[in-house]
Amino acid sequence: MESEYGLLVDGKWTSPPGAARFATKNPATGETVGSFVSATADDVRAAVGAAAKAFSRWRETPAPKRGEILLDVARRMRAAKPELGRLVTREMGKVIGEGLGDVQESIDFIEYMAGEGRRLFGETVPSELRSKFCLTVRQPKGVVACITPWNFPTAIPNWKIAAALVTGNTVVFKPASSTATCAAEVVRLYEQAGVPAGVLNFVTGAGSVVGNALVEDPRVRTVSFTGGVETGRDVYVRGAKGLKMVHLELGGKNPVILMDDADLALALDGVLFGAFGTAGQRCTATSRLIVHEKVYRRFLAMLTERLETFTVGDPLDPRTGMGPVASADQERKVLEYIEIGKKDSTLLYGGEKLRGGAYDRGHFIRPTIFETTHGSRISKEEIFGPVLSVLRVGSYEEAVRVANDVEYGLSSSIYTRDVNLAFRAIQDLEAGITYVNAPTIGAEVQLPFGGVKNTGNGGREAGSVAVEEFTEIKTVFVDFSSRLQKAQIDVEA
Ligand code: UN1
């Protein structure tokens, strides 16, 4: 894989002469991975122009044909999976099993969306009048902007791009700067599979320049953004001025509720994977563990004991439990929260940057557990790192109250053997996703993904509803009676 990339505009990779560039870094070693153009607002306008120009031909391409192209992207990605998975790990720092999983999630979704090319269902509905058909069809929106984060460097871009393309839109894609190589390599696969020039454009650079120019361009009709709540709010406001559809997937403060009747060994595996998988850098990460007082001491002892054998290190080594956090900025933010936690909570495990030997080249933080009380900053704010806040409760009712009393509502989980309690939790937990006897992470692409409250603005990605984000519904009335019939007026007695 080459390491110097340009912008992809109208089917041509270009590096504007004299353009400023930025580099991406391996967070485990500090090595440079890729070099990218810091695009200007003019570069973004050119990319949007290319997407606008390509739209009419692409929307007329039959949807099953668009699906076939996606199937070819998936086939190529399957062949490239080992290499692309390694790249995810090198550029973002998640352990290799998860790097490969990121790519697999992309493949799963692209294949699912390829099938959508032969569905894109509308509705047929009876008419109140004779000799009249009523139906709906789905139509593309036009140019869509896909703005994606670094924590799932291939999966989240593909959730957006594959859904946008199969429905007939053209795309300008702006990835997170720190994982732009993964993004560029994904784009290449779409190119190789025969996505026509201008249908998928790729721009890189700062959110404040490239992101804003994209969101504010009047030719962009829909913006699909995944990232932090502050940026999301800003994107929403900028998009609102142009009356755009803005789809937001933002943060989480996802709880696992552990009841006193739970299978504790099962919960132990789940909590560790949920809290420290991807070094806690998933929107769905388990960041709060709410434990019934009857099993509280026992479970904490099990947790800290297991962490003694949990390895942090080289994410390319398949034996490693957790890699580095993704960047120097991430490291700073997580360590700041750890300091906050040390003031208002009790540190149970970890709480420090790992130093010495190979650790000194990267951003390694020890898995960290705090005992805290509901209302402390670490129990409420999204940290996006390997920090788990544990809260003790006396009942199911208290557990749910605590679980729901945060600004976010993405994922949630309960461990219990009581089937009635499990169903109550499904009803009671304010979240877009609830797991029973499984951790908060690991959603599958054939189901909708998204959250309530400040996690978003009501939309869902993936699953059967993925096409809604990127389509307009047209309602069609066909009157074959050969006379003027008046709805609501020509009422038959
Ligand atoms: C995210 O963290 O933004 O459910 C996405 C999961 C993954 C997707 C996470 N399939 O954990």
Side-chain angles (χ1 to χ4, degrees), residues 85 88 92-95 97-113 146-163 175-176 178-179 182-183 186 224-229 231-232 235 247-256 269-288 322-323 325-326 330 382-388 408-413 429 431-436 438-457 459-463 465-466 469:
V88 169
M92 184 273 162
K94 60 176 77 177
V95 292
E98 293 180 354
L100 293 165
D102 195 310
V103 178
Q104 188 59 48
E105 189 159 348
S106 301
I107 296 167
D108 294 345
F109 187 67
I110 297 166
E111 286 178 350
Y112 184 79
M113 277 294 117
C146 300
I147 305 177
T148 60
W150 46 260
N151 68 332
F152 276 81
T154 75
I156 294 179
N158 283 300
W159 286 6
K160 300 186 191 301
I161 293 169
S178 66
T179 51
C182 297
V186 163
S224 182
F225 172 88
T226 301
V229 70
T231 315
V235 166
H247 181 106
L248 303 170
E249 291 293 343
L250 310 174
K253 191 72 189 174
N254 313 292
V256 164
D269 289 338
V271 168
L272 283 169
F273 182 50
F276 304 122
T278 325
Q281 300 164 114
R282 296 197 193 202
C283 311
T284 51
T286 303
S287 47
R288 292 181 298 153
M322 191 176 94
V325 295
Q330 233 9 60
E382 185 180 47
I383 300 174
F384 223 64
V387 180
L388 176 67
Y408 301 107
L410 180 53
S411 189
S412 57
S413 150
L429 287 169
I433 304 169
T434 295
Y435 289 88
V436 176
T440 56
I441 67 173
E444 299 178 35
V445 299
Q446 66 277 22
L447 287 107
F449 181 92
V452 301
K453 303 199 280 193
N454 284 355
T455 293
N457 55 352
R460 293 290 182 272
E461 288 190 281
V465 298
E469 187 182 352

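Ligands are counted one by one from 1 in listed order, and the atoms in each one are counted from 1 as well. For clarity, every value in this text was computed on a predicted model and none was experimentally measured.
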Does any N or O of ligand 1 fall below 3.5 Å from an N or O anywhere on [X], backbone included?
X: Ala443; value: yes
X: Thr226; value: no
X: Gln281; value: no

Within the 4.0 Å heavy-atom shell around [X], which atoms of ligand 1 are there?
X: Ile441; result: 11 (O)
X: Arg282; result: 2 (O), 6 (C), 7 (C), 11 (O)
X: Phe449; result: 4 (O), 5 (C)
X: Asn151; result: 1 (C), 2 (O), 3 (O)
X: Thr284; result: 2 (O), 4 (O), 6 (C), 9 (C), 11 (O)

>> Taking 4.0 Å as the limit for heavy-atom contacts, which would you say applies to Ile156 with ligand 1: side chain only, backbone only, both, or neither?
In response: side chain
>> Taking 4.0 Å as the limit for heavy-atom contacts, which would you say applies to Val445 with ligand 1: side chain only, backbone only, both, or neither?
In response: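 It is neither part, as no heavy atom is under 4.0 Å.
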> Do Thr440 and Thr286 have a side chain donor and acceptor closer than 3.5 Å?
Replying inline: yes
> Are Asn151 and Ile156 side-chain neighbours, meaning at least one heavy-atom pair lies under 4.5 Å?
Replying inline: yes
For [atom], grab the closest protein heavy atom and report residue, atom and distance to one decimal in Å.
atom: atom 3 (O) of ligand 1; value: Cys283 SG, 2.8 Å
atom: atom 6 (C) of ligand 1; value: Gly442 N, 3.2 Å
atom: atom 9 (C) of ligand 1; value: Phe152 CE1, 3.6 Å
atom: atom 10 (N) of ligand 1; value: Glu105 OE2, 2.9 Å

Of all the heavy-atom pairs spanning [X] and [Y], show the shortest one and how long it is.
X: Ser178; Y: Trp150; answer: OG-CB, 3.4 Å
X: Lys160; Y: Ile147; answer: CE-O, 3.9 Å
X: Arg460; Y: Glu469; answer: O-OE1, 4.2 Å
X: Thr154; Y: Cys182; answer: CG2-CB, 4.2 Å

>> Is the distance from the ring center of Trp159 to that of Phe449 below 6.0 Å?
In response: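 Under 6.0 Å, so yes.
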> Among all residues two or more places apart in sequence or in another chain, which pass the side chain to side chain donor-acceptor pair (under 3.5 Å) test with Ser411?
Replying inline: none
>> Quick check against the 3.5 Å criterion: does Ser412 have a side-chain atom that pairs as donor or acceptor with the backbone of Ile433?
In response: yes
